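Values below: every heavy atom of this structure, side chains too, minus hydrogens, waters and symmetry copies. Computed from a prediction, not measured in an experiment: that's the story for all the values here. Order of the sequence lines fixes the chain letters, A, B, ..., with proteins taken first and strands second; residue numbering starts at 1 for each chain.
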4 protein chains.
Amino acid sequence: MSSTDAEATASLTPRGRRTRHALVDAAKEVFERDGFAARITDIAEHAGVAHGTFYTYFESKEEIFLAVSQELLEEFFPGRPRTDAPAPRDAYAAIESTNRQYLESYRRHGRLMVLWEEMPGVSPGLSGLIDDARAAVVDRTRRAILRLQSAGAADPAVDARYAAHALGGMVNRFAYGWVSRDEEFDLDTAVTQLSLLWANALRVPVPVPQRRSR
Amino acid sequence: MSSTDAEATASLTPRGRRTRHALVDAAKEVFERDGFAARITDIAEHAGVAHGTFYTYFESKEEIFLAVSQELLEEFFPGRPRTDAPAPRDAYAAIESTNRQYLESYRRHGRLMVLWEEMPGVSPGLSGLIDDARAAVVDRTRRAILRLQSAGAADPAVDARYAAHALGGMVNRFAYGWVSRDEEFDLDTAVTQLSLLWANALRVPVPVPQRRSR
Amino acid sequence: MSSTDAEATASLTPRGRRTRHALVDAAKEVFERDGFAARITDIAEHAGVAHGTFYTYFESKEEIFLAVSQELLEEFFPGRPRTDAPAPRDAYAAIESTNRQYLESYRRHGRLMVLWEEMPGVSPGLSGLIDDARAAVVDRTRRAILRLQSAGAADPAVDARYAAHALGGMVNRFAYGWVSRDEEFDLDTAVTQLSLLWANALRVPVPVPQRRSR
Amino acid sequence: MSSTDAEATASLTPRGRRTRHALVDAAKEVFERDGFAARITDIAEHAGVAHGTFYTYFESKEEIFLAVSQELLEEFFPGRPRTDAPAPRDAYAAIESTNRQYLESYRRHGRLMVLWEEMPGVSPGLSGLIDDARAAVVDRTRRAILRLQSAGAADPAVDARYAAHALGGMVNRFAYGWVSRDEEFDLDTAVTQLSLLWANALRVPVPVPQRRSR
DNA sequence: TATGAATGAGTATTCATTCAT
DNA sequence: GATGAATGAATACTCATTCAT
């Protein structure tokens, strides 16, 4: 549970905590079903509380969407990297692991992730928040690329910042297409292929087994 | 002017044609300013016609947005490739040319392109239409990759369909980030870098000059 | 009809003018009945139009209240004095005429005048507007007193500004009490008495007939 | 402390008395800040008690406003006159003393007095109560005028009841304007001027020093 | 007594769409 | 074709008041 959530919850009685929780759960379901057009009335109804009760805990749809998103934010944009910087020769493994985690998380949250992508059209405020988190991750990628280049393990012609944006976008967009349309993709193949493309793009050596994967 | 537009226009008197045109122009401006939340009243006002006149020409906001989008659809997803399949040894040049065109077009239409991306959250019907067009382009990319592979000019370990989705997404997402946020990118560098990543990813040979570009 | 009203009406079709008028009339009735707590729904209903139609003509309750008040504003705080400055020896007659006009107008508009007085508690914006108009009248009174003093026709110990505020307030408050509570007052007596008090206060000579009026 | 307050307080435990007191204090502040639109939540919060606690002591906003007003009621409309009827020849001194007290009290309670005036627009019940108190004072004034007239010390042409209403209103309205708008008045001058006007109006002799006061 | 969560009636407001002229 | 007035469904939000603990 994210810190923000803990904060919001701190001053509540157990009963209040239960109600708030029910609202967040309900909101998750309703957002998944109706997108951001979800009606506050429906959320309250789903949670089994009166209309006005919603406003005891949240000031707006944005705010509860944020609460629903807390978990995702932490999962996709952790405060700190989930793994230590890998030795250059493990670069491929790190890429693959990151991609696998990303795709799995993305698919697990499915409709909600899609909502994130479409947020700017609908709630600029919220999407700014997501953008910030995203920027941090792009920056981490950028630094990782620079490290590989220093170690002579990546194409020096590549501009780390441009590449971080482009490759991050590649995986993100792939996942988005997968979830939002009904493309037929296979998880393992997707991980292998995206990692191969990513590694190739940077000219990071790809271990032999992958090269035969299809 | 696209065929659909021509159709819609055919049965109108000259005066009607003018009014319809004014509405589409106005809509473009207003959509760019307000996003898809634009109000029909504003569009009509901008076009200098009465509110009700809108409905003489369009049945809904979706419909006029579609009309506004016709031009873009044609530009981004032309009915037929704009260039013939290049000889394998010109692969890099083709990649670069495609990317440059894409980025230039995307930037030219700026806010409107962003609207396209965010459409699904807001008008599923329309976005289906865009998706279809997109799919055609992805398929063309897929076949191009297959051709390169047959010619021994691209990494055979790459799955053409996955790669077509991924690399198309890469450029699309990069352009989106560029336009929707205020990232500082340089057009030439962006073209060079994205093309380098794309070519690298497929292990398509990159001519020497690029390799020194930064 | 005040200029503001004419303006608002200028761009409307006859039908629109009729509807707008119906709304203002309805509002007057409803405000008189319910005070400023009147509901917009009621006003629309009273005017025999749909709820939303209200918003075709007015943006808020304040705005229609202002429209309702236009006529009163002009009556109580005319852009220019309704009479020329009287010769000093007619001072009493002028006082009496002004008071009679004021009391008659106030009583004619009854409940609506009372609403004006209570406006500050309920809509500071509107009341500021009324205050401004009131200030202009107070200033006119002040200058009239100064004129009388120069002519040696009024007590020189009186401070014209303080007196203008005080005596204007006296008549206003008297009228307010008369209308808002059910005090039993007689119009002629009220005019005579207020004028006597006013004249006495300034030591303006009071013609003999008045002195016997009761 | 007024009798009503004492009553309400009698049956409470010391702790209850403290809480009730905190609520009344808080209400005074909040009413002064927000007018009668003050929210019960805010009052409770200000008093440092839970929302629901309010209802342990008061049934409604009106009721606590009344409690807040007790002190003022007593100050402005004392159960008995604060001074004995003055000898006719001290009439002016009595007028001046009353006016000074009134203006000082009014200004001391400032925003709250203004609230009183605007009460009818907002809570007819309460304002009826205030009206009653006011009526008692007007009646006292009326009888004082009659006394002066019997003693030959005031203009016999003046109708005591009309004058009591008018002159009371004059001072009240002057004070209201002073407090609610930002008129620049000076206390001593105001007292002198209002007393002068009042005395003049009744043709009560004004001692010489006043006549030179400005 | 105190708490604070829950309630829900009440009201304003927006805007796509219809339709008489 | 054009007009612009009229419509009314849809929904958000506030806050006094109740009540279980």
ask   = Nearest-Å distance, NE2 (H21(B)) to C1' (dA2(F))?
value = 19 Å
key: Residue whose closest nucleotide on DNA chain E lies nearer the 5' end, R15(D) versus A37(C)   = R15(D)
query = Taking it one step at a time, do L12(C) and R20(C) satisfy side-chain contact (heavy atoms from CB on, under 4.5 Å)?
reply = CA-CA 9 Å; L12(C) 297 176; R20(C) 198 193 122 101; 3.8 Å; yes
request  = Whole angstrom is fine here: how far is it from CD1 in I64(A) over to C1' in dC13(F)?
outcome  = 15 Å
message = Just the rounded figure in Å: distance from C1' of dA10(F) to CG of D34(A).
response = 14 Å
request  = For residues 120-131 of chain B, pull every pair meeting salt bridge (charged side-chain N to carboxylate O under 4.0 Å, His left out), keeping only residues two or more places apart or in separate chains.
outcome  = R181(A)-D131(B)
note = Taken in chain and number order and not counting sequence neighbours, the residues that satisfy side-chain hydrogen bond (donor to acceptor under 3.5 Å, both in side chains) with E63(A) are none
key: Distance, rounded to the nearest Å, where F36(A) contributes CZ and dT11(F) contributes C1'   = 14 Å
Under the side-chain contact (heavy atoms from CB on, under 4.5 Å) test, residues paired with R15(A) that sit two or more places apart = T13(A), R18(A)
Sequence-distant partners of A133(D), side-chain contact (heavy atoms from CB on, under 4.5 Å), two or more places apart = L73(D), F77(D)
remark   = Sorted by chain and residue number, the side-chain hydrogen bond (donor to acceptor under 3.5 Å, both in side chains) partners of E117(A) (sequence neighbours excluded) come out as Y106(A), N172(A), R173(B)
task = Run the numbers on R111(D) and F31(D) for side-chain contact (heavy atoms from CB on, under 4.5 Å), then give the verdict.
result = CA-CA 8 Å; R111(D) 184 92 177 80; F31(D) 278 131; over 6 Å; no
inquiry  = Which is more 5' along DNA chain F, the nucleotide nearest K61(D) or the one nearest T13(B)? Just name the residue.
reply    = T13(B)
Please tabulate, for the side chains in residues 50-59 of chain D, all donor-acceptor contacts under 3.5 angstrom to protein atoms that are two or more places apart in sequence or on a different chain.
from, atom 1, to, atom 2, distance (Å)
T53(D), OG1, A50(D), O, 3.4
T56(D), OG1, T53(D), O, 3.2

request  = Given side-chain contact (heavy atoms from CB on, under 4.5 Å), test W116(A) with H109(A) step by step and report yes or no.
outcome  = CA-CA 11 Å; W116(A) 266 26; H109(A) 297 293; over 6 Å; no
inquiry  = Near DNA chain E, counting only heavy atoms under 4.0 Å, which residues of residues 42-58 of chain C show up?
reply    = H51(C), Y55(C)
query = Starting at the 5' end of DNA chain E and moving along, which residue's nearest nucleotide shows up first, R39(B) or T41(C)?
reply = T41(C)
Can you list, pair by pair, the side-chain donor-acceptor contacts under 3.5 Å of residues 32-46 of chain C, counting residues two or more places apart and other chains?
from, atom 1, to, atom 2, distance (Å)
R39(C), NH2, D42(C), OD1, 3.2
H46(C), NE2, E29(C), OE1, 3.1

note = Here the helical stems involving DNA chain F, each at least 3 consecutive Watson-Crick or G-U pairs closer than 3.5 Å, sorted by first residue number, are E:2-21 with F:2-21
request  = To the nearest 0.5 angstrom, please state how far the CD1 atom of I64(B) sits from the OG atom of S69(B).
outcome  = 10.5 Å
note = Note: chain D reaches DNA chain E at heavy-atom distances under 4.0 Å over the stretch, first to last nt, 5' to 3', of dT1(E) to dG4(E)
